[in-house]
Structure formats: C-alpha cells, structure tokens
Amino acid sequence: MPIRSIETVSIGFIGAGRLGKALAWSLATAGLAVRGVASSIEQEAVDLANRIEACEVMAAQAVVDRCDLVFITTPDSIIAQAVAPLRFRAGTGVIHCSGATEVDALASVQVQGAAIGGFHPMQTFADPDAAVASLPGSTITIEARDDELDRLLVQLVERLHCHVNRLPPGMRGRYHAAAGFTTQFINALFYESARVWKSWGAEEADAMRAMLPMAHGTLAAIESVGIARGMPGPVSRSDVVSVEKHVAALTDLGDDMAAFYRVLCGVTVRIARESGAVDADAAARFDAALTRGVPAAST
Ligand SMILES: NC(=O)c1ccc[n+]([C@@H]2O[C@H](COP(=O)([O-])OP(=O)(O)OC[C@H]3O[C@@H](n4cnc5c(N)ncnc54)[C@H](OP(=O)(O)O)[C@@H]3O)[C@@H](O)[C@H]2O)c1
C-alpha cells in the first residue's frame with residue numbers, strides 16, 4: 001500500500017449499521033475524510049452520510065473505486081460475501097471490524113493487490129451516538145498484512161484517542177471470547193440478578209435501580225485497586241456461612257440458578273485464594289459449600 005498521510009486518505013464504509021455509523025462519525029469528527037458509504041438498506045447509509053460533510057451514499061463498487069481505505073462493517077458472516085463481487089485496485093486498504101473473524105475473510109481482496117487488515121474497537125456499539133461518546137480511551141485491536149497499512153491504522157487509532165492492541169496469530173477466538181466476559185456477560189449477570197428479584201414480586205426496574213449503583217461502585221473499585229483487591233462480597237471476607245445461605249436460597253429457585261452461582265462463586269474463591277485474601281482452610285470450606293449436594297458428574 002503506498003504511503004499516505006491520514007490527512008489525505010479518503011475513507012469509505014460498506015455497511016452502515018451500529019458500528020459503521022459510530023466509527024464513521026468518530027473519524028469525521030476527528031477531521032478525517034469519510035467520503036462514501038454503501039449499505040444494503042439505503043436509508044441506513046443516508047443516516048450515516050447526513051452527519052458528515054462531503055460524504056455520499058453510493059454503490060459498494062463506487063466506495064471501493066473512490067476511497068483509499070474501505071471499512072467492511074457488515075455482520076461478520078457477510079464480510080467475505082460482501083467483498084467477493086467487488087473489484088479492488090492495488091494499493092487500496094480494506095479492513096473489517098470483527099473481533100472473532102480472521103483477516104483471511106478478505107483473502108479475495110488481497111489477491112487483487114489490495115492491503116487487508118482488521119480494526120476491532122473494544123467497545124459496545126449498541127447505540128451509535130452512545131458509542132461515539134464512549135469510544136475515546138477504548139482499545140482498538142489492529143492487524144495489517146502490509147506495513148504501510150499498519151502505520152495508517154496506528155495513526156487512525158491515535159487520532160480517535162484510543163489505544164493500540166495487537167494479537168498473536170490464531171488468537172482471535174480466545175480474544176473475542178475474553179471480551180464477551182466484560183460485555184454481554186454483564187447483561188447475563190444483571191438478568192440473573194433481576195430474575196431473583198422478580199421471585200419475590202419486584203419489578204426489573206426495582207432491581208436495576210438497586211443494582212446499577214452497586215455495579216458502578218464495583219467497577220470503580222476494580223479501576224482503582226484491581227480485580228482482586230476491588231472484589232467485594234462474602235468470599236472476600238471468608239464468610240462461608242453467607243455463601244451456604246446463598247446456595248440454599250438459589251437452589252429453591254431452580255438448579256440452573258444455583259449451578260450458575262456455584263460456578264461464579266468458585267471463581268471468586270480462586271481470585272481470593274490467589275490474592276491471599278482467604279487462606280487454604282477457608283478456600284476448602286468454600287469448595288465444600290459449593291459442591292455439597294451436587295452429583296459428582298456435574299461438579
Ligand atoms: N456492535 C458491536 O458492539 C460491535 C463491536 C465491535 C465490533 N463489531 C463488528 O462490527 C461489524 C458490524 O457490526 P454491527 O453491530 O454494526 O452490525 P449491524 O448493526 O448489523 O450493521 C451491519 C450493517 O451492514 C449491512 N449489510 C449487511 N450486508 C451487507 C452487504 N452485503 N453490503 C452492504 N451492507 C450490508 C446491514 O444491513 P441489513 O440490516 O440490511 O442487514 C447493516 O446495516 C461486525 O463485524 C461486528 O463484529 C461490532
């Protein structure tokens with residue numbers, strides 16, 4: 001890929017969904033030239049383009065023809081299919097934004113002489129406007145099969161006030177699974193907690209009003225003193241009796257609820273043991289409380 005300054009690179013998007021909009025708007029706000037967008041639903045592309053000066057809605061082939069750097073921001077399963085019918089000129093940079101998909105999904109582009117890569121922002125893009133606000137300070141995992149493209153992507157990350165991350169080859173499955181623990185699995189934790197609240201007749205809104213400040217407080221503690229020292233709860237106090245009460249109470253609500261609790265609580269015991277917050281004796285008593293009554297095959 002020829003060396004270009006990010007100031008003069010023209011940027012295009014194929015796919016104007018949640019991430020496409022937020023990223024395009026963020027790049028344009030950072031002063032970069034987002035010039036073209038194509039999406040399967042034209043109105044989505046219009047919504048993206050309307051907020052960027054000199055950005056036009058066009059066919060995917062026109063985006064590729066007119067732009068130097070093309071973001072493929074379709075769903076993961078469509079990436080290879082979206083680029084397959086397109087003709088790329090040598091020197092174009094083409095990148096997808098998937099965390100789990102290997103850059104090889106763009107192999108049909110590379111054989112035409114374009115430089116391929118990945119640009120995965122580690123942030124939640126459920127709402128594009130909220131994502132624009134939360135993107136600065138995030139980490140973006142980049143991968144480039146070309147040194148010039150690599151340099152360009154680093155500059156883009158810095159221009160977005162984000163941090164660069166790189167991955168060893170073959171790690172995308174692990175990496176994306178790890179990200180899930182701190183994104184959608186938080187939704188699962190809130191869901192389970194709200195399910196318990198509903199068991200005594202409370203509404204989800206009641207649970208959320210109570211839980212969100214606690215969750216914010218926990219995140220603040222983790223940010224301040226780290227995962228282990230920022231961990232609240234009975235395990236951190238070597239309080240086995242409370243954990244026994246929890247297991248009994250949740251077992252009344254169903255084996256799935258109790259099983260989920262046992263797994264998560266077991267992880268907190270490991271954290272507390274590794275950090276020295278609980279001793280070996282307390283850890284053994286927690287293990288006993290968490291495995292009591294569980295058939296051997298399912299422990
Ligand atoms: N959302 C997140 O939190 C997040 C975070 C990090 C990375 N990502 C990555 O970002 C990428 C986009 O995800 P997203 O959440 O923005 O998905 P999305 O909201 O579903 O948006 C994808 C857009 O691409 C359009 N599209 C589908 N096929 C197309 C094609 N062949 N040509 C042009 N446009 C096409 C879709 O239109 P239709 O509605 O008609 O299908 C939709 O507007 C994915 O690779 C995802 O892994 C997402």
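Along the sequence shown, the residues carry numbers beginning at 1. Numbering of ligands and ligand atoms starts at 1, following listing order.
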Next item on the list: Quick one: closest heavy-atom pair of Cys67 and Arg35, and the distance?
Entry: SG-CB, 4.5 Å
Notebook entry, point to check: Which ligand 1 atoms are under 4.0 Å away from a heavy-atom of Ala82?
Noted result: 31 (N)
Note to self: Do the side chains of Arg172 and Glu143 get close enough for a salt bridge, i.e. N-O under 4.0 angstrom?
What the structure shows: yes
Next item on the list: Considering only non-hydrogen protein atoms, determine which one is nearest to atom 36 (C) of ligand 1 and report residue, atom name and distance to 0.1 Å.
Entry: Ser40 OG, 3.8 Å
Item checked: Ion pair check, Arg51 and Asp129, cut-off under 4.0 Å -> yes
Notebook entry, point to check: Applying a strict 4.0 Å limit to heavy atoms, is Pro75 in contact with ligand 1?
Noted result: yes
Note to self: Check contact between Met122 and ligand 1, using heavy atoms of the residue and a distance below 4.0 angstrom.
What the structure shows: no
Next item on the list: Using a strict cut-off of 4.0 Å, indicate which atoms of ligand 1 neighbour a heavy atom of Ile41.
Entry: 39 (O), 40 (O)
Next item on the list: For atom 7 (C) of ligand 1, find the nearest protein heavy atom and state the residue, atom name and distance (0.1 Å precision).
Entry: Cys97 O, 3.2 Å
Checklist line | Nearest neighbour of atom 43 (O) of ligand 1 from the list Ser77, Pro121, Ala105, Ser39, on a heavy-atom basis | finding: Ser39
Next item on the list: Name the orientation class of the two ring planes belonging to Phe13 and Phe71 (parallel below 30°, tilted from 30 to 60°, perpendicular beyond 60°).
Entry: parallel
Item checked: Asn187 CG: over 12 foreign heavy atoms closer than 6.0 Å -> yes
Note to self: If the cut-off is 4.0 Å to any non-hydrogen atom of Leu19, which atoms of ligand 1 fall inside it?
What the structure shows: 6 (C), 7 (C), 8 (N), 10 (O), 16 (O), 48 (C)
Notebook entry, point to check: N/O of Glu44 under 3.5 Å from N/O of ligand 1, yes or no?
Noted result: no
Note to self: For His96, which part has a heavy atom under 4.0 Å from ligand 1: side chain, backbone, both, or neither?
What the structure shows: neither
Check: Tell me: protein heavy atom nearest atom 47 (O) of ligand 1, and distance?
Finding: Asp76 OD1, 2.6 Å
Notebook entry, point to check: Given that the side chain starts at C-beta and the backbone is N, CA, C, O, which of these parts of Ala16 lies under 4.0 Å from ligand 1, counting heavy atoms, or is it both or neither?
Noted result: backbone
Item checked: Salt bridge flag under 4.0 Å for residues Arg145 and Asp104 -> yes
Next item on the list: Give the numbers and elements of all ligand 1 atoms closer than 4.0 Å to a heavy atom of Ile14.
Entry: 32 (N), 33 (C)
Next item on the list: Please determine, by modelled atom types, if Ser10 and Asp68 share a side-chain donor-acceptor pair under 3.5 angstrom.
Entry: yes
Item checked: Heavy-atom proximity to atom 22 (C) of ligand 1, best of Thr101, Ile78, Ile72, Thr73 -> Thr73
